[in-house]
J.: 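This is the structure I want to talk about, given as C-alpha cells.
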Amino acid sequence: IERIDLKNAEMTDEHFKYLLIMGLGSCRTKTLDLSKNRLTLDSVQSLYTEVVTEKTAFRKLKSLNLSHNNLDHLSLDKI
C-alpha cells in the first residue's frame, strides 16, 4: 500500500497507537494522510519513535500530513 488516507476519521491517540501495534507501519507506504483527526503530541511521539528512533515503521515514507489535529508548537518540534 503506497498511499494510506485516514483523514477525517475522528482518530484519537488510542486509535493511532492501536493501528501502529497492528502493523500499519509495515506497509511500503510513501504517503500517509492523518489530517483532520484528533491526534495530539502523544501520537506524534509514537510516530517519531517508530520512524526515526527505532526505524521499525514507514521506512519508505515521503509525505506525512498531520494538519488540522490537536497539535501545538511542541508537537511541531518533533515533526
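Because only heavy atoms are used, hydrogens play no part in the values below, and waters and symmetry mates are left out as well, while side chains stay in. These numbers were taken from a predicted model, which means no experiment stands behind them. Here, residue 1 is the first one in the sequence, and each next residue gets the next number.
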J.: Working note: Asp42 + Lys17, criterion side-chain contact (heavy atoms from CB on, under 4.5 Å); need CA distance, chi angles, decisive distance, verdict.
T.: CA-CA 9 Å; Asp42 287 343; Lys17 287 177 186 178; 4.0 Å; yes
J.: At what distance, to the nearest 0.5 angstrom, does CG of Leu19 lie from CD1 of Ile4?
T.: 9.0 Å
J.: State the CD-CD distance between Gln45 and Glu50, to the nearest 0.5 angstrom.
T.: 13.0 Å
J.: Provide the full list of side chain to side chain donor-acceptor pair (under 3.5 Å) pairs with a residue in residues 2-13, sequence neighbours left out, each pair given once.
T.: Thr12-His15, Asp13-Thr40, Asp13-Ser43
J.: Measuring only between side-chain heavy atoms, which start at C-beta, is Leu71 closer than 4.5 Å to Leu66?
T.: yes
J.: Establish, from distance only, whether the side-chain atoms of Glu54 and Thr49 form a donor-acceptor pair under 3.5 Å.
T.: no
J.: Taking the side chain as every heavy atom from C-beta outward, state whether Leu32 and Asn65 have any atom pair closer than 4.5 Å.
T.: no
J.: So how far is it from Leu6 CG to Met11 CE, rounded to the nearest 0.5 Å?
T.: 4.5 Å
J.: Rounded to the nearest 0.5 Å, how far apart are NZ of Lys36 and OG of Ser67?
T.: 7.5 Å
J.: Enter the distance from Leu41:CG to His73:NE2 here, rounded to the nearest 0.5 Å.
T.: 10.0 Å
J.: Side chains of Phe58 and Leu20, heavy atoms from C-beta outward: is any pair under 4.5 Å?
T.: yes
J.: Is there a donor-acceptor pair closer than 3.5 Å between any side-chain N or O of Asn37 and the backbone N or O of Leu39?
T.: no
J.: Give the other cluster members for Tyr18, using side-chain heavy-atom distances under 4.5 Å between Ile, Leu, Val, Met, Phe, Trp and Tyr residues; answer none if it is isolated.
T.: Met22
J.: Enter the distance from Asp33:CG to Leu64:CG here, rounded to the nearest 0.5 Å.
T.: 8.5 Å
